[in-house]
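Some notes on the structure that comes next.
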Amino acid sequence: MDVFEELKDLSGRFDKHIFIVGGFVRDTLAKLPPHDVDITGDINPDEVIKTLSKTRYKVKVTSQKLMTLKIIGDNSYEFTAFRTDSYSDGHTPDDVKRTSDIKADALRRDFTMNAVYYDVKKGEYVDPIGGIADIEAKIVRCTRDDTFEEDGLRLMRLCRQAAESGFGIEENTLAAARRNAKRINEISPERIRDELDRILSADLRYGIKDAHVRGLRLLDEIGVLEEILPEIVDGKGVEQRSDYHKFDVYGHIMETVRKADPSVRLAALMHDVAKPYCKRTFGRFKDHAIYGAETARKILKKFRYPNKVIKEVCFLVYNHMYDLKCRLPDDEVRKFLQENYNRLDKLFLLKQADYEGGGTLTGECPAVAKHKKILAEMERGKVPFSLKELAVDGNDLAKAGVPENLRGKVLHNLFERCALDGSLNDKEKLTEIIEKEINYAD
């Protein structure tokens with residue numbers, strides 16, 4: 001292992017040994033690109049703080065209870081003292097105790113592949129519970145039988161880390177995950193959200209193709225997807241038109257997520273979330289995008305996504321069927337494109353993923369092609385895409401005698417007119433329209 005020179009310097013300041021542990025060691029052994037460096041050792045956090053107090057290193061306490069510190073030099077490291085943990089429920093251990101036993105520290109971790117240590121001073125690996133063999137075999141295995149009983153979030157970490165790395169899951173670990181699937185309900189919505197986001201981008205971690213879809217399917221396989229997103233699992237067996245869809249609703253959602261750009265994968269996961277409900281209630285999928293936007297809003301609020309994310313995803317879900325059959329007149333489409341200009345890139349990405357995700361159609365989505373062509377014409381024609389780009393503003397309307405309570409409406413009216421003809425976006429022309437065509441007497 002190539003160790004940062006800084007870590008050698010850091011280790012040399014202590015009588016006891018410092019070890020790199022966790023993902024950095026795992027990734028190095030698995031020949032994957034390593035990321036953050038976590039370090040540990042049989043050293044009291046107070047001793048670390050005291051030893052480094054008059055050095056170039058800065059130390060911050062991140063958790064007194066968990067005995068974790070952040071050590072900042074040229075790089076940043078999280079230090080945790082050797083410890084044992086005990087849990088009652090949830091994600092955070094109730095009782096944390098120091099230990100000098102590296103095997104005891106290894107056993108409190110989640111998976112054997114994350115419990116391999118690298119002694120910085122000696123330059124050698126320490127493998128208390130067989131993690132190296134599992135890394136070489138590309139297997140995720142629990143450190144203990146009660147790993148999931150202690151911490152339900154490990155269920156999602158299991159699926160994510162297996163997907164990110166391309167590793168398989170050991171049979172007993174898979175069975176234990178299935179038995180404990182409902183323990184995910186003990187975990188806070190924010191932590192579930194964060195793990196879901198990481199699963200949706202799992203292929204970006206190490207470049208493992210389709211890792212994000214495998215992560216979702218592993219969640220389904222162990223029963224966790226049904227607990228956190230029953231609306232998605234509800235799509236199983238809900239058949240669709242065979243000329244457009246090779247898959248049932250569940251399969252189509254997964255395939256759309258597979259095809260989707262990372263920036264719209266959450267929306268891809270939500271885009272047909274209301275189809276099962278619409279089929280049961282109305283006997284058809286009509287208006288599923290409208291119901292889907294509201295369903296997505298409830299789901300995302302439950303997991304406490306930021307309002308900005310919720311608003312964007314709901315917009316994308318609501319509009320993913322817009323002009324799908326290319327029957328809307330160009331003038332109407334121009335107004336839509338103008339009004340939603342800043343979100344079009346993501347809408348096009350979702351519509352394209354949805355088109356390909358049916359499994360029967362290839363090439364560019366006809367609606368996307370049509371809208372891109374119209375948009376290019378609008379851009380060439382200097383159409384304004386925000387009120388700030390309009391050649392007149394509220395002051396101009398005031399000078400023209402437009403009552404204050406009507407100025408916003410008039411500006412929007414002029415804005416829409418310019419969507420149809422960009423050449424109108426001229427101060428003189430717009431002023432003439434205001435003076436000649438709009439009657440304020442009423």
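Atom set for the values below is all heavy atoms of this structure, side chains included, hydrogens, waters and symmetry mates excluded.
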Measuring only between side-chain heavy atoms, which start at C-beta, is Cys418 closer than 4.5 Å to Leu390? yes
Looking only at heavy atoms, which two atoms of Val249 and Asp272 are closest? And how far apart? CG1-O, 4.0 Å
Checking Gln352 side chain against Ala260 main chain: does a donor-acceptor pair fall under 3.5 Å? no
Pairs touching residues 124-138 that satisfy salt bridge (charged side-chain N to carboxylate O under 4.0 Å, His left out), sequence neighbours left out: Asp134-Arg141
Look only at the side chain of Tyr117 and the backbone of Pro128, and say whether a donor-acceptor pair between them is shorter than 3.5 Å. no
Would you kindly say whether Thr147 and Asp110 are connected by a side-chain donor-acceptor distance under 3.5 Å? no
If I compare all heavy atoms of Tyr118 with all of Gly123, which pair ends up nearest, and what's the gap? OH-CA, 3.3 Å
Find the distance between CG (Asp330) and NZ (Lys335) and round it off to the nearest 0.5 Å. 12.5 Å
Arg178: which of Glu227, Glu226, Glu221 passes salt bridge (Lys or Arg N to Asp or Glu O under 4.0 Å): Glu221
Side-chain donor or acceptor of Arg334 paired with backbone N/O of Ala419 under 3.5 Å: yes
Can you list the steps and then say if Val37 with Glu6 is a side-chain contact (heavy atoms from CB on, under 4.5 Å)? CA-CA 12 Å; Val37 180; Glu6 186 171 59; over 6 Å; no
For Arg109 and Thr143, indicate whether the former's side chain and the latter's backbone hold a donor-acceptor pair under 3.5 Å. no
Return the OG1 to CD distance between Thr112 and Glu170, rounded to the nearest 0.5 Å. 8.5 Å
Output, in order, the C-alpha distance, side-chain angles, deciding distance and verdict of side-chain contact (heavy atoms from CB on, under 4.5 Å) for Leu153 and Glu195. CA-CA 8 Å; Leu153 191 63; Glu195 281 297 325; 3.7 Å; yes
I need the Lys346 NZ to Leu344 CG distance, nearest 0.5 Å. 12.5 Å
Please determine, by modelled atom types, if Thr84 and Thr99 share a side-chain donor-acceptor pair under 3.5 angstrom. no
So how far is it from Ile310 CD1 to Met270 CE, rounded to the nearest 0.5 Å? 11.0 Å
NZ (Lys70) with more than 12 external heavy atoms under 6.0 Å: no
Evaluate side-chain hydrogen bond (donor to acceptor under 3.5 Å, both in side chains) for Glu312 paired with Tyr305, printing each intermediate quantity in order. CA-CA 11 Å; Glu312 178 179 274; Tyr305 274 88; over 6 Å; no
Could you check whether any side-chain N or O of Lys60 sits under 3.5 Å from a backbone N or O of Ile72, counting only pairs where one atom can act as donor and the other as acceptor? no
For the pair His35 and Tyr206, name the ring-plane relationship: parallel under 30°, tilted 30 to 60°, perpendicular over 60°. perpendicular
Quick test of your reading of the model: are Asp354 and Lys259 salt-bridged, counting only N-O distances below 4.0 Å? no
Given Lys275, which partner from the list His252, His288, Gln240 fulfils the side chain to side chain donor-acceptor pair (under 3.5 Å) test? Gln240
In terms of side-chain geometry, is the basic nitrogen of Glu255 or Lys246 positioned less than 4.0 Å from the acidic oxygen of its partner? no
Does a side-chain heavy-atom distance below 4.5 Å link Asp38 with Thr80? no
Evaluate the ring planes of Tyr277 and Tyr291, with Trp represented by its six-membered ring, and classify them as parallel (under 30°), tilted (30 to 60°) or perpendicular (over 60°). tilted
Over 12 non-hydrogen atoms of neighbours within 6.0 angstrom of CG in Asp145: no
Do NZ/NE/NH1/NH2 and the carboxylate oxygens of Glu294 and Arg297 come within less than 4.0 Å? yes
Can you tell me how far CG of Leu324 sits from CG of Asn319, rounded to the nearest 0.5 angstrom? 12.0 Å
Between the side chain of Thr62 and the main-chain N/O of Thr68, is any donor-acceptor distance below 3.5 Å? yes
What is the distance from atom CZ of Arg214 to atom CG of Leu219, rounded to the nearest 0.5 Å? 11.5 Å
Could you report the tightest heavy-atom contact between His212 and Leu200, atom names first, then the distance? CB-O, 3.5 Å
May I have the step-by-step check of side-chain contact (heavy atoms from CB on, under 4.5 Å) for Leu337 and Met378, ending in yes or no? CA-CA 9 Å; Leu337 297 178; Met378 293 171 70; 4.2 Å; yes
Once the angle between the rings of Phe24 and Phe4 is folded into 0 to 90°, is it parallel (under 30°), tilted (30 to 60°) or perpendicular (over 60°)? tilted
Are the side chains of Leu29 and Tyr125 in touch, meaning some heavy atoms are under 4.5 Å apart? yes
Looking at every non-hydrogen atom in both residues, tell me the closest pair between Val233 and Tyr250 and how far apart they are. CA-CD1, 4.2 Å
With a cut-off of 6.0 Å (strictly less than), are more than 12 heavy atoms of other residues, nucleotides or ligands near NZ of Lys388? no
Whether Asp248 side chain and Glu239 backbone form a donor-acceptor pair below 3.5 Å: no
Is any side-chain heavy atom of Val238 less than 4.5 Å from a side-chain heavy atom of Phe285? yes
Answer yes or no: is there a donor N or O on one side and an acceptor on the other, between the side chain of His320 and the main chain of Val317, under 3.5 Å? yes
With Leu10 as reference, evaluate Asn75, Ile39, Val120 under the side chain to side chain contact (heavy atoms under 4.5 Å, CB included) test and give the passing residue. Ile39
Quick one, Glu150 and Arg144 - any side-chain contact, counting heavy atoms below 4.5 Å? yes
Should we count CG of Asp210 as having more than 12 external heavy atoms under 6.0 Å? yes
Ser100 versus Phe82: any side-chain heavy-atom pair under 4.5 Å? no
Intermediate values then yes/no, salt bridge (charged side-chain N to carboxylate O under 4.0 Å, His left out), Asp151 and Arg157: CA-CA 10 Å; Asp151 180 0; Arg157 285 171 53 83; over 6 Å; no
What's the verdict on side-chain contact (heavy atoms from CB on, under 4.5 Å) for Asp42 and His17, showing C-alpha distance, side-chain angles and the deciding distance? CA-CA 7 Å; Asp42 180 18; His17 291 225; over 6 Å; no
Please check: side-chain N/O of Asn425 versus main-chain N/O of Ala391, any donor-acceptor pairing under 3.5 Å? yes
Exercise: identify the closest heavy-atom pair between Phe167 and Ile135: CZ-O, 3.9 Å
Are the side chains of Val25 and Phe19 in contact, using a 4.5 Å heavy-atom criterion? no
Take atom NZ in Lys382; do more than 12 heavy atoms of anything else shown fall under 6.0 Å from it? no
Does any N or O in the side chain of Asp323 come within less than 3.5 Å of the main-chain N or O of Arg327, such that one atom is a donor and the other an acceptor? yes
Compare every heavy atom of Glu416 with every heavy atom of Gln338, then report the nearest pair and how far apart it is. OE1-CA, 3.8 Å
Would you say that Val273 contacts Leu229 through its side chain, given a criterion of any heavy-atom pair below 4.5 Å between the two side chains? no
